[in-house]
Structures are given as C-alpha cells and as structure tokens.
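Everything on this sheet refers to the single structure shown next.
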Amino acid sequence: MEKQIGFTVRRIVVAGVLSAIAILLGFTRWGYIPVPTPAGNATIMHIPVIIGSIMEGWPVGTVIGFIFGLSSFVGADVPFFKDPLVSVLPRLFIGIVSWLVFVGIRRWNVYAAIGVAGFMGSATNTILVLGMAVLRGYLAFGPALVTAVANGLPEAIVSVLITLAVVSAWMRIDRKGRRSKLDVD
Amino acid sequence: MAGDFELTRNITIGQYLPTGSVIHRMDPRLKLLAAALWILSISLCHTYLGNVAGLCVCLALFALARIPLSYGLSGLKPAIPFILILAILQLLFYGNGYGPSGQVYFHWGILRITSASVRVVVVSTLRFVEIIFAVSVLTLSTSITELTHGVEGLLRPLGRMKVPVHAFALIVTIAVRFVPTFAMEMEKMMKAQASRGAEFGTGSWWNIARRTRDVFPLIIPLFNTALVRAEELALAMEARGYVPGQARTAYRRYRAGGRDIVMFLAGMALSAALVFAPFPF
Amino acid sequence: MGESNRGDILTVSNLHHTYLQGTPLAQPALFGVNLVIPAGSCVAIIGHTGSGKSTLIQHFNGLLRPQMGEVVVNGARLSNPQVDIRAIRQQVGLVFQNPEDQIFERLVGDDIAYGPLKQGIPLSEVVQRAKWAMGVVGLDFDEMKNRSTFAMSGGEKRKVALAGVLVLRPQILVLDEPTAGLDPRSRRDLLRRIRDLNRSEGLTVVFVSHNMEEVAYLADTVYVLAAGHIAFHGTPRELFGALDERPDLQVGAPPGVEILRALHSRGYHVDTTRFTVPEVAEEVAAAASGQRGPAAAAEPPSGDLSAPPTAWEGPAHRREPDGRHPHAHAEDRGDAHGR
C-alpha cells in the first residue's frame, strides 16, 4: 500500500481511543497524581495528546487535544475553563509541539526524543493555558508565573515518565542489558 | 475502602435529561451555534445590568427546557470555591496597575480596592454563573449523538477546505463510545492489581518519580489495552470496507425546520442585544 | 451463621449484594448465597454471564465486602470493618479474567516481584518465592527473569500473571476463567499446572469456568450459580448425572458424557455417570469390544461407533486425544480430595 497521508483508519481509531482516555482521566480522579504542587496534584489528562502525536503524527495529536479541550470545557470545575479560549485553544498546540520535538530529536536518540517530547508537550499545556488565562484577565501575571513553575514543572516530570513508559513499551524500544530486580547475583 | 472500586458505575458524562421540550427538539447544529454565540456575547459583556439580564435569560432557558434549576445549581457547586478564591484575589490585587482604576475605596500597602476592581469581580463572577448555566442547558438537553452530529454538521463547510470533518466526527464517536469501556477496564485493573498486593499512594508525598510509578500499574495497562483495541477496531473497520474520506450516507439526517430557524434567530437577537445594547451601568 | 467448620478454609453464608445500593440504578447481583470451600479442595463455580460469579469471587478476597450475610476466610469475618484486608488478599490469591492485561513492568522478573516487594518482603525472600512461583507455572527462572514482558506469547504472559499472584504464597487460589482465549496447547498446559498446584502443592483452588471439560478434569465440587443464587451443589458426577432432571441449570455435559449417552441410547450398557476422559475411554473400549454391546445385538448402530472391536485392543489412554496423563488422574481423582 502506498504511504498514506492524512487520516488513515488506523489514525482515526488511535485518535478515538486516546481521546477516550483523555476524557476518562478528566472526569475521574484518575487524572490526578498527588504530588507537591500548589494545586496538590499533577494532572495527566494531556498525556494522551502527547502520546498520540508521537505515535501517529501531529494531526492526530491536534484532534485529541481539541477533544480534550472540549471535555475540559464541558466538565470544568475551574471557572476560567468555561472560556473556550482558555480550555480549548491552547490544547491544539500540545500535539504540534511534542511532534516537532520528537521528530527533531528522533534521529539522534529515540528514547530521549520521547522523553523530551513528553516534557515539552506538558510545558506547552501549562504555559499556554495559564498565558491565555492572564490574557483574558482571569489571572494576574505574578500568580500565573508561580503556578507555571510550581505546578508545571512537576507535571512535566510526570509526563516524561508516563510518556516514556507507554510509548517505549508500545514501540518495543528496549534498552539492551536491562536486569530485573530479582537478578541479584 | 471496598467502595473505592465502585466509582465508575456512577460516572455520567454529558448527562442528558430528556424532557422533550422545544429546546431538546431543536436542530443540534443550530442549537450548538446559538449556544456558542450566546456564550461569546456573555464573555464580551462588561456591564452590571447586561450580566444581570444575561443571567435572567439563562434562568429562562431552564424553564423553557423544562429542566429543574437544581441541575444547574449542582453544576455550579463544585465551581464555587474557585469562583470565591478568584473573586478575592481579583478584589485585592486587580486595582494595582490595570487600566483606569476609577474611585479608590480602600488602600493598604499593595492592596487597593477600586470601583474598577469591584466591577471586575462582580461581572466575572456573574459571567461564570451564566456560562455554567448555559452550558448545563446545552448538555442536559442534547444527547451525545446529537452533539456529535451537530459538531460534524457545523464543521462541514470546513470539509471544502480539505479539513477532514468526517474523520473528526468518527473520532469523536469512537471516543465517546469507549469512555465507559475504559472506565470498566480501569476498575477491573484496580481490583486486579490490589489482588496481587498493589498499594496506591504509598510513596513519599514529595517524591514525584515514586508517586508517578505508583500509578504505573493502572495507567500503563490502560494505554496498552486502549491501543490493542485500536488495532482490533482498525482491522474490523478495514475488513468491513471502511475507506476514510469516502462519501457515506447517514443513518439519520437533520433538517432545520421553520421553528428551528425562528429559535436560532431569537438566540442571535438576544446575543446581539447583550453585546450592543447601551446598558447604562 | 457463618461459623467455619474445621477444615473449611472459606465459607460464604447468606451473602447478598446489590450494586449501587440505595440509588435508583440499584442492581441486585447476589441473593443469599451459601457456599463452603474445604481446605485442599478444587471447586468449580459455573453459571451464565450475569449470574453473579464475578461478584461472588470478588467477595473472597475482600474486594467487595458483604452488604448482608458473611464471608469467613480462615476464621476472619470479612463483614468486620477492622479485618486486616491486606492479610486476606495475601491468603486468597485472586486471578482475574485475562490477567495478562495487568502486566505493566518491562521485565518478567520485575512484574512477578511487584506485589511482594510492595508488601515490604525482603528481596532475598522474594527471589526464593519467585523461583517457586515461576517453577510451578512452568517458567524457567534464570532464563525468563530478564526477558521483556511485551515480547511474549499469550500463554506465557498468562503464566507470568499467574506467577505474580502465586508469589504472594496464597492458601487459596481463585481463578476467573483461567483458560479463556488461550490456544488449545497452552490451555492444556495451564490446566495441568493448576491441577498440580491443587494436588501436589496442596493449594485450595476455586475456579470459574464455562467449559465442562475443564470442570470434569479439575473439580471435585461444583456450584452452579443462576440469577444470583446457588442452583446446584455437588460433585461433578452428581451434576452430570442430574442434567436430565435439571434443564433449568442450562449446563451442557462434557463431550465424554455426551459420547456415553449416545452409546447408551443406542443400546450399549455403558455407565453414563462416568465422565473423566480415562473413565469414558474405558467405557467406550468396553462397549466396542462387545462386552457391553446391545443386548439383542440385532443390528449394530450405524455410524462410526460400530467400528470393529479388533481396532480397539490397546489400552484406553492411547486413544486419548489431548495428551494428558490419564493414569495419573484416573487414580488420584478419587476420594482423597473430595467427599
């Protein structure tokens, strides 16, 4: 089969199931990992966007980002997410950024490329959402900057760990010579 | 403790309350468009009176849709702490440096309360309440299927610009279809891991890596089963001859009738009034 | 109620369970279930989808707590909110359907060691346990511990998942459709290993199954669950003998029993209460050699059952289609484990 561009069946279904995960994580407590941040937890709902982007390209990531944004718009507890310019628009860029980062670093080291894409995708989410909240006048610049660092950094670290674990297992990227904890002698 | 696991059976997403009202029966495309315009005009309205009028319209929508107001209030409840914190922060700090500050009511150190900051607080609080009410009416009166069709219908003009609208609608349908499946999967996974000695949330609170690894036994199988399902679904769809982008007939067609158009025009008029009417204060 | 007798490792008495109790969506799943699992026995729970099997077995290790009635594991009452649930989950190893889905570590050894390490058991002890657990499921410790979990076959993955529960050294192993979705070869292998766990390692085994062949092969006691209550309780022999009077159970007979019945209806004097593969083979051989042929023998039944006796000289187990060890289980299926 010739190389297909655009939405193949595979890309459609991958985007569909990953969007389902994003919605599920957004509507349950499973989307939050309790870590030390001002909010008391790191969210992981944007991670399906990053994973979709790395695996199937930026259009898939953008669609998942859009659906993730819509679900956070509909189900938001945080009032400024009821503004689609804050909840939807910034999420369209998570996929593009993580894909660009992944493709840029891939030729050098795939493992590192996945990790950095996980970090940058998460940072994009933090920076653009908070930036938009500032632009729209919901947050002052100072508190937004503090939140971006104090909440965004742990979230980016969590994102790196999960993205690496999921994508490297799925793409079967294995580092040679790994030894189990049981390999004690 | 054991009750922890039963959480998924209670998930309602985009909860739908069929009452058969005129709002429910409205063409989903026009309803969505009217709702979008209405929310946009709420976020553009800066006057006290305008927002009070907007709130009245939102309350009228509940009556028109025959949805008890308690549903709207329950949507509002989880947002109250955020609204309060935001209101206090804005009240105390907004007066510094933002635009014409108007009359100063109170000033102490960096705290400065002005007529402008009071206005921002009151208006943005009202705005949030209005938007939450409007979105509640939309989701309570529109089933997920209708919503999907509505989005697809509205995006159709983009199809001419080579934007894959059909693919998008299919992705949304697959996503909505799989949310309950994955919720069950997740519940089973929690039970299965607990059965082999898993304990969640045991790592030190400050150890981010450890805390993240704590959720690996749930998150990684969730992604893996999702991707496996995607492969199976792709195979099944190709086996049934699905070709992306090919024209297909719809099982159900929506046609906007006269009543839909009248209601849409009424919505547009209200939205326009909210933005352009010269509210005195 | 709920007193456990000596020798009963798990008892369930008058257990009720309703999902979403107290909401308009309440959905009753169990109504007054009574069940006794003697230590060292191998118990099958069968029933249709939605009959409450999964709900029932989730009570065995405290994933669900009794809303009404009682579950007693080794003397501990699970209705008591103070009960040490970690200890219960260690004693009752529950293996869900398709347990390979729960593998998440990259390396086989790490995944198997996950539970005990989480429980704070010292590494040297975990290594010993993992060696045993991998051995009993048929995975070579030295060869497999550093193997990637995602480069394995379905049968191997299921063994890893099973070892991940056995490594907790449970006294009761509860399996929900342990062989569902496996190819015939892995299925037979797994069944034999479960049987060995019960017969040689002395583990009490409870399993849910739809497959009557498996029930005939493994179980010494059967409970049939229908619409949330126990519709039948007895030995496999009693169950397969009662199927004619109890169409309400909607249980099919294993193929061996069907064969004996077919012979019986054609006039052969075979014992239709025998059901294990070697027993059936013996009956078929006897029928074929003419010892129990149709009394009148006026007309041998048509079809392939009328093969000439000379073709059947060898011992019955040579004809066994699936390579199990008929002698072994012909002998030890006896009263050693059951009633």
Side-chain angles (χ1 to χ4, degrees), chain A residues 10 13-14 16-18 20-22 24-25 27-35 42 44-45 47-48 50-52 54-56 109-118 157-185, chain C residues 20 98 100-154 156-157 159-169:
Chain A
R10 190 189 154 75
V13 293
V14 168
V17 296
L18 289 176
I21 293 183
L24 179 67
L25 293 177
F27 277 85
T28 61
R29 69 197 155 99
W30 295 320
Y32 303 91
I33 295 183
V35 294
I44 56 173
M45 305 162 232
I47 294 178
I50 300 170
I51 290 174
I54 295 175
M55 286 179 34
E56 297 292 337
N109 181 331
V110 182
Y111 210 73
I114 299 168
V116 180
I157 294 170
V158 170
S159 165
V160 170
L161 294 172
I162 294 180
T163 310
L164 261 180
V166 172
V167 180
S168 64
W170 188 253
M171 290 183 167
R172 310 210 161 172
I173 302 164
D174 215 356
R175 289 185 299 183
K176 284 275 174 260
R178 280 166 67 124
R179 290 173 66 193
S180 150
K181 290 176 194 135
L182 297 180
D183 199 352
V184 280
D185 346 287
Chain C
L20 293 173
N98 300 328
E100 56 278 11
D101 289 351
Q102 75 203 40
I103 296 172
F104 70 96
E105 291 276 13
R106 303 293 296 273
L107 301 176
V108 169
D110 289 351
D111 202 81
I112 292 172
Y114 168 72
L117 288 178
K118 217 41 183 176
Q119 302 282 321
I121 293 164
L123 185 59
S124 55
E125 163 81 11
V126 176
V127 171
Q128 289 314 308
R129 288 180 177 203
K131 278 185 180 159
W132 170 79
M134 289 171 76
V136 292
V137 300
L139 297 171
D140 184 74
F141 178 78
D142 291 312
E143 192 201 324
M144 296 297 287
K145 65 184 170 194
N146 291 335
R147 190 74 78 76
S148 257
T149 45
F150 46 68
M152 298 198 320
S153 72
E156 280 178 322
K157 278 189 187 168
K159 287 178 169 182
V160 171
L162 185 55
V165 172
L166 287 171
V167 73
L168 296 168
R169 303 297 317 238

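Chain letters run A, B, ... following the sequence lines, proteins first and then strands; every chain starts at 1.
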Against chain A, label C/Phe141 side chain, backbone, both or neither, depending on which of its atoms sit under 4.5 Å from a heavy atom there. side chain

Side chain of C/Asp110, backbone of A/Ser180: donor and acceptor closer than 3.5 Å? no

Checking heavy atoms, do the side chain of C/Leu117, its backbone, both or neither come under 4.5 Å from chain A? side chain

Side-chain contact test, heavy atoms from C-beta onward, threshold under 4.5 Å: evaluate it for C/Leu107 versus A/Asp183 and give yes or no. no

Kindly indicate whether the side chain of C/Glu105, heavy atoms from C-beta on, has any atom under 4.5 Å from the side chain of A/Lys181. yes

List the steps and the verdict of side-chain contact (heavy atoms from CB on, under 4.5 Å) for C/Leu123 and A/Leu182. CA-CA 7 Å; C/Leu123 185 59; A/Leu182 297 180; 4.3 Å; yes

